[in-house]
J.: 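Pasting a structure below so you can have a look.
Quantities reported herein were computed from a predicted structural model and do not represent experimental measurements. We count ligands from 1, going down the list as the structure has it; atoms in each ligand are counted the same way. Side chains are part of it too, since the values below use all heavy atoms of this structure and drop only hydrogens, waters and symmetry mates.
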Amino acid sequence: MTGAGVSAESGIPTFRDKDGTWSKVDPMWFASPEGFAAQPADVTAWYDDRRRKCLDCAPNAAHHALAEIERRLADLGGTFTLLTQNVDRLHHRAGSRNVVELHGSLHVWRCTKTGEERDDLPCPLPEHPMPSPAGGLYRPGVVWFGEMLPEDALRASYEALATCDIVMSIGTSAVVYPAASFVEVAMERGAVGIEINKDATPITDRVDHAIPGAAATIVPELVRLAW
Ligand code: BV8
């Protein structure tokens with residue numbers, strides 16, 4: 001499972017590190033249905049700006065190494081499921097195939113009236129907020145606080161957690177639920193738990209192997225040592 005720390009070395013600010021994405025706005029308000037309802041223009045502009053920055057960034061060595069793990073395990077008849085809290089799609093751009101977007105994507109916009117989703121809207125949007133043809137607005141296609149995660153993403157997650165031999169938590173502060181519970185869900189049934197993160201988190205003392213450091217350094221090293 002990955003978090004914003006995996007994209008940090010691509011130049012995308014994390015959420016909770018100092019100068020992070022959320023040091024500039026109140027996340028519990030901006031990343032919430034109530035915030036969008038009260039300030040649709042500001043919230044739309046904030047997400048549109050983050051989307052533009054993502055498009056200007058490239059996957060880093062951690063993204064590429066995770067895509068390589070998926071390929072190598074497939075060659076051995078194994079499976080690798082990449083659960084990501086990230087909304088930047090850098091894993092897809094690095095070649096990962098079996099990606100589960102737990103919190104949606106900055107590249108998707110959803111009509112508030114019909115639920116229709118688009119990932120082809122111009123960047124930047126011509127106006128904030130962006131009206132939809134059905135007479136609603138296009139809202140960011142991400143999961144806000146207080147919103148359920150997509151059912152298919154939750155199902156794929158719990159299927160992977162129920163069968164994996166190894167569960168890795170990479171670049172996440174492990175504070176946002178239900179994703180923050182995933183490592184322990186897998187470990188409780190016998191998976192080996194590994195954390196790769198710059199700072200200690202609430203799961204650091206609970207995993208089998210806690211490896212402090214930068215994802216773009218450690219994940220490629222993991223691949224080199226394993227193969
Ligand atoms: C839900 C999308 C049903 C939008 C985001 C149970 C207990 C307590 C609370 C709850 C609970 N269940 C639900 C809740 C409420 C809430 C929640 O968890 N609140 C927390 C804050 C306590 N959860 C929800 O509302 C979820 N919905 O469960 O529905 C429900 C609802 C209400 C009540 C009950 C049940 C929805 C959660 C999704 C919210 N949406 N974002 C957007 O992106 O704008 S969350 C946001 O945080 C992002 O998605 C982000 O991915 C996620 C986690 O952050 P991280 O990725 O971990 O990033 P962070 O900056 O925090 O950490 C980066 C880490 O990387 C750091 O540790 C750093 O050391 C490290 N790092 C930095 N650089 C590097 C590095 N590591 C390695 N290498 C580096 N180079």
Side-chain angles (χ1 to χ4, degrees), residues 1-36 39 42-51 53-54 57 59-66 82-91 99-110 139-151 153-154 157-158 168-185 194-204 207 210-222:
M1 183 177 69
T2 60
V6 167
S7 296
E9 287 155 287
S10 293
I12 297 177
T14 64
F15 289 90
R16 295 169 182 85
D17 290 337
K18 64 178 183 18
D19 304 331
T21 303
W22 287 351
S23 59
K24 300 165 181 66
V25 296
D26 171 8
M28 301 310 277
W29 176 246
F30 258 46
S32 75
E34 298 75 18
F36 179 73
Q39 297 174 247
D42 294 337
V43 173
T44 303
W46 185 60
Y47 278 93
D48 203 16
D49 185 50
R50 285 174 58 195
R51 176 174 64 140
K53 285 182 183 139
C54 283
C57 294
N60 63 56
H63 296 104
H64 289 297
L66 287 165
L82 179 49
L83 311 178
T84 188
Q85 298 172 92
N86 297 342
V87 293
D88 57 36
R89 288 207 167 155
L90 289 184
H91 286 304
V99 182
V100 178
E101 291 182 314
L102 299 169
H103 297 162
S105 168
L106 284 174
H107 302 285
V108 173
W109 297 85
R110 188 185 318 133
R139 58 152 283 177
V142 299
V143 178
W144 279 327
F145 286 105
E147 293 185 325
M148 291 299 283
L149 275 61
E151 229 174 273
L154 280 175
S157 299
Y158 287 114
M168 294 197 288
S169 178
I170 309 176
T172 178
S173 57
V175 297
V176 174
Y177 286 81
S181 64
F182 285 177
V183 167
E184 286 177 280
V185 165
I194 300 172
E195 180 184 48
I196 298 170
N197 204 61
K198 251 192 182 159
D199 302 310
T201 72
I203 62 169
T204 302
V207 293
I211 310 171
T217 306
I218 294 171
V219 185
E221 184 63 7
L222 208 65

J.: In terms of atom number and element, which parts of ligand 1 are under 4.0 angstrom from non-hydrogen atoms of Ala214?
T.: 78 (N)
J.: Below 4.0 angstrom from a heavy atom of Ala215, which ligand 1 atoms are there? Numbered from 1 as shown, please.
T.: 77 (C), 78 (N), 79 (C)
J.: Do any nitrogen or oxygen atoms of Gly3 lie less than 3.5 angstrom from nitrogen or oxygen atoms of ligand 1?
T.: no
J.: Output the list of atoms in ligand 1 that are nearer than 4.0 Å to some heavy atom of Met148, sorted by atom number.
T.: 3 (C), 29 (O)
J.: Check whether any side-chain heavy atom of Ile203 sits under 4.5 Å from a side-chain heavy atom of Phe182, and report yes or no.
T.: no
J.: Heavy atoms only: which of Phe30, Tyr47, Tyr177 is nearest to atom 4 (C) of ligand 1?
T.: Tyr47
J.: Can we say Glu147 and Arg139 salt-bridge, meaning some charged N sits less than 4.0 Å from an Asp/Glu carboxylate O?
T.: yes
J.: Could you tell me which non-hydrogen atom of Pro202 sits nearest to which non-hydrogen atom of Ala174, and how far apart they are?
T.: CG-O, 3.8 Å
J.: Any nitrogen or oxygen of Ala31, main chain or side chain, under 3.5 Å from a nitrogen or oxygen of ligand 1?
T.: no
J.: Can you confirm, on distance only, whether ligand 1 has an N/O atom lying under 3.5 Å from any N/O atom belonging to His103?
T.: yes
J.: Determine whether Leu222 and Ile194 make a side-chain contact, defined as any pair of heavy atoms from C-beta on separated by less than 4.5 Å.
T.: no
J.: What do you reckon, does Val143 have a nitrogen or oxygen under 3.5 Å from a nitrogen or oxygen of ligand 1?
T.: yes
J.: Could you check whether any side-chain heavy atom of Gln85 comes within less than 4.5 Å of a side-chain heavy atom of Val176, counting everything from C-beta outward?
T.: yes
J.: Could you list the atoms of ligand 1 found under 4.0 angstrom from a heavy atom of Glu147?
T.: 1 (C), 26 (C), 27 (N), 29 (O), 36 (C)
J.: If the cut-off is 4.0 Å to any non-hydrogen atom of Gly213, which atoms of ligand 1 fall inside it?
T.: 77 (C), 78 (N)
J.: Please identify which atoms of ligand 1 are closer than 4.0 Å to at least one heavy atom of Glu9.
T.: 78 (N), 79 (C), 80 (N)
J.: Evaluate Ala4 for polar contact with ligand 1, using N/O atom pairs at a separation under 3.5 Å.
T.: yes
J.: Do any nitrogen or oxygen atoms of Trp144 come within less than 3.5 Å of a nitrogen or oxygen of ligand 1?
T.: no
J.: Return yes when Ala180 approaches ligand 1 closer than 4.0 angstrom through a heavy atom, no otherwise.
T.: no
J.: Hey, is ligand 1 close enough to Ile196 that some N/O pair sits below 3.5 Å?
T.: no
J.: Out of Val175, Ile211, Asn197, Thr201, whose heavy atom is nearest to atom 22 (C) of ligand 1?
T.: Val175
J.: Measure up the Phe36 and Trp144 rings against each other and bin them: parallel (under 30°), tilted (30 to 60°), perpendicular (over 60°).
T.: tilted
J.: Which ligand 1 atoms, with their elements, are less than 4.0 angstrom from a heavy-atom of Thr172?
T.: 55 (P), 57 (O), 64 (C), 65 (O), 67 (O)
J.: Heavy atoms only: give me the nearest Gly104-Val143 pair and the separation to one decimal.
T.: N-CG2, 4.1 Å
J.: Can you find a pair of side-chain heavy atoms, one from His63 and one from Ser7, that are under 4.5 Å apart?
T.: yes
J.: Look at atom 28 (O) of ligand 1 and find which of Pro178, Pro140, Ser181 reaches it with the closest heavy atom.
T.: Pro178
J.: State, with a plain yes or no, whether a side-chain heavy atom of Val6 is found less than 4.5 Å away from one of Val219.
T.: no
J.: Report yes or no: does Glu9 contribute a side-chain atom to a donor-acceptor pair with the main-chain N or O of Ala216 at less than 3.5 Å?
T.: yes
J.: Using a strict cut-off of 4.0 Å, indicate which atoms of ligand 1 neighbour a heavy atom of Gly171.
T.: 63 (C), 64 (C), 65 (O), 76 (N)
J.: Sub-3.5 Å donor-acceptor pair from the side chain of Asn86 to the main-chain atoms of Ala4, do we have one?
T.: yes
J.: Ser32 side chain to Gly35 main-chain N or O, any donor-acceptor pair under 3.5 Å?
T.: yes
